[in-house]
Amino acid sequence: MSDIVGRLRNRLRADQPVDADVLLARLDALRRFLDAVDGHLPDDRLGPARTLVERAGTRLELSRDHTLVALAGATGSGKSSLFNAVARLDLSPVGVRRPTTGVAHACVWGPLEGATKLLDWIGVLPRHRFIRESPLDADDESALHGLILLDLPDFDSVQQAHRLEADRLLALVDLVIWVVDPQKYADRVVHDSYLREFHRHRDVTLVVLNQADRLSPAELPKVLADLRRLLDADGLAGVPLLTTSALDPDAVLELRATLEQTVAERQAALRKLAGDLDGVVTDLADVFAAPPPGARLDDATHRELVRALARSAGVPTVAAAVRSAYRHRAAGATGWPLVRSWRRLRPDPLRRLHLPGGGERDADQAAGAESLVAATSVPVPAPAARSAVGLAVREVAERAADGLPAPWPTAARSAARLREADLPDALDGAIARTDLGLDRRPLWWRLVGGLQWLLTLAAVAGVAWLLLGYLLRVLGLPELDNPQVGVVPMPTVLLLGGLLAGLLLALLVKPLISAAAGRAARRAEQRLTAAVDEVAEAYVVTPIREVLASYAAARESLERARQPR
């Protein structure tokens, strides 16, 4: 017996201890992971992680000096009898009627400080709690001080409430002792539904073949070998396998020695939480299998998005209006003064679209309404343009999340389309706020306009001179001295020269106006495209980048939570 206990203790000491500070750092990394993925991953993938963070914090805060150990087993395995044998008192009811154990019973060794809070947390009722302290024990039970032993309901009970209670407590305890009997040790429910699920908690799992006294000396090794084979198949290789009998006090000494060693180490809670953490991180690994993408999005796809948004916002229409407005205003400033008033009767193209520089908007801003951006009258985009925007937005999201595991591409697409309904108003506002560059009149307009006025004044002077000469002849007064320019009188030269020179100047300036209007339209289109690009950045690209940043931050936090214990 002493050799077996010694080997068992050596195995327990060989387990690498869990550093509490490292575990807390890993849990904090998992908490940061949850913050990073909040709103991006479905709740069913994050439920276990959230539960673990909450449960681990509560468990470590309540008490690190107590070890919660549960006896779990099927109906008839003798859990309650073994519970009483370890406690050396009749505490848990034992009977022939099945199921016997309907609620959990707890036995506490040592001080109750901390233990009461733990039992309140796991939900063991006060009337089902027992204190294993007696003056008659002397120091016999001191080695188990800090132990809280639980007798769980049968996990194969015919009553569902018992099964649910057993499952709930199995998730909360620090160490589980699986109690099997010679008749049902190979039961599929035990192995498939429970033991196999605890392969990540091998270092806080113990298997006990109870009622070993029912087997003959020749049968016991065979049963143990078969049970070991089943445990290895369950992924529990190396898990201690003990034999007990509630009828023989000496048959539980090995189990008590194991519990003493576990209580002395105070590692069970840390190992259980570390195992839970390993399981959560492993289950989430497939969601972060790919390295994080770069922060820079595909330039060609980004440009296509801006072009689609620009077409939807009516940038080509506005650019054409700027070209027409430039020609309209330049012709009005440099044309023949006598027909300028007639040109003013024609509406300004920008004013028709309610765009800045159209006249009405400038008056509103001068009156102190700069902060109010009215809607423009740019034509509503055609269905084809709206469809192109949807395709471009989807393409940007898919390119950005290319190579990421599910559900991140879906999260990127959802983020890109989150504010899609606000895009039309945002684009219209961006167009309305853009300075189209037509507020200032070029200097050459003034020079040409002044020259036109001089030529017009010359023509007017020639007309006045001719009329005055005609009037003098009618009245019989002496005629004016009319100097000659060659054979043509000066008044005629002034009249015809002013008119012809003004017309010629207008013809010469017209190509300059067309070229300048084209440059103004291109500058306006560049400014409008830049404004549309800002909208694309704020409403489409930035939400996608936030998803990618969340992916990178979550992956880094998950890697930190994955660090070796």
Original post:
Salt bridge check: are D203 and K272 linked by an N-O gap of less than 4.0 Å?
Top reply: no
Subject >> Beyond-backbone contact of F83 with C107, side-chain heavy atoms, under 4.5 angstrom >> reply: yes
Side chains of residues 394-404: which donor-acceptor pairs under 3.5 Å do they make with residues two or more places apart or in other chains?
{"from": "R394", "atom 1": "NE", "to": "E398", "atom 2": "OE2", "distance (Å)": "3.0"}
{"from": "R394", "atom 1": "NH2", "to": "E398", "atom 2": "OE2", "distance (Å)": "3.4"}
{"from": "E395", "atom 1": "OE2", "to": "R399", "atom 2": "NE", "distance (Å)": "3.0"}
{"from": "E395", "atom 1": "OE2", "to": "R399", "atom 2": "NH2", "distance (Å)": "3.4"}
{"from": "R399", "atom 1": "NH1", "to": "D298", "atom 2": "OD2", "distance (Å)": "3.4"}
{"from": "R399", "atom 1": "NH1", "to": "T301", "atom 2": "OG1", "distance (Å)": "3.1"}

Subject >> Whether over 12 other heavy atoms sit under 6.0 Å from Q183 CD >> reply: no
**OP:** May I ask you to decide whether D38 forms a salt bridge with R50, counting only side-chain N to carboxylate O separations under 4.0 Å?
**Re:** yes
**OP:** Please examine the side chains of P182 and Q211, heavy atoms only from C-beta on, and report whether any two atoms are closer than 4.5 Å.
**Re:** yes
Subject >> Note: D278-R200 ion pair, threshold 4.0 Å (strictly below) >> reply: no
Subject >> Residue pair H145, S142: steps toward the side-chain hydrogen bond (donor to acceptor under 3.5 Å, both in side chains) verdict >> reply: CA-CA 5 Å; H145 280 190; S142 60; 5.8 Å; no
**OP:** Output yes when R88 and E141 qualify as a salt bridge under the 4.0 Å nitrogen-oxygen rule, no when they do not.
**Re:** yes
Subject >> Short N-O contact, R386 and E420, less than 4.0 angstrom >> reply: no
Original post:
So, do V69 and D174 sit near enough that their side-chain heavy atoms are less than 4.5 Å apart?
Top reply: no
**OP:** Just jot down the ring pair (Phe, Tyr, Trp, His ring centres under 6.0 Å) partners of Y539, sequence neighbours excluded, or say none.
**Re:** none
Original post:
Are any of the side-chain heavy atoms of R55 and W121 separated by less than 4.5 Å?
Top reply: yes
**OP:** Would you name the heavy atoms of R64 and A20 that are closest together and state the gap between them?
**Re:** NH1-CB, 3.6 Å
Original post:
If we ignore angles and hydrogens, is there a donor and acceptor under 3.5 Å between the side chains of H201 and D276?
Top reply: yes
**OP:** Ignoring hydrogens and angles, tell me if any N or O in the side chain of R168 forms a donor-acceptor pair with the backbone of I122 under 3.5 Å.
**Re:** yes
Subject >> Side-chain donor-acceptor contact under 3.5 Å, E165 with H162 >> reply: no
Subject >> Between S77 and D181: side-chain donor-acceptor atoms closer than 3.5 Å >> reply: no
Original post:
Do the ring planes of W178 and F198 sit parallel (below 30°), tilted (30 to 60°) or perpendicular (above 60°)?
Top reply: perpendicular
Subject >> Salt bridge present between E265 and R271 (N-O < 4.0 angstrom) >> reply: yes
Original post:
Do the charged groups of R129 and D120 touch, with an N to O distance under 4.0 Å?
Top reply: yes
Original post:
What do you reckon, is CZ of R32 surrounded by more than 12 foreign heavy atoms closer than 6.0 Å?
Top reply: yes
Identify all side-chain donor-acceptor contacts of residues 241-248 below 3.5 Å with residues at least two apart in sequence or on another chain.
{"from": "T244", "atom 1": "OG1", "to": "N210", "atom 2": "OD1", "distance (Å)": "2.9"}
{"from": "S245", "atom 1": "OG", "to": "D213", "atom 2": "OD1", "distance (Å)": "2.9"}
{"from": "S245", "atom 1": "OG", "to": "L247", "atom 2": "N", "distance (Å)": "3.4"}
{"from": "D248", "atom 1": "OD1", "to": "D250", "atom 2": "N", "distance (Å)": "3.1"}

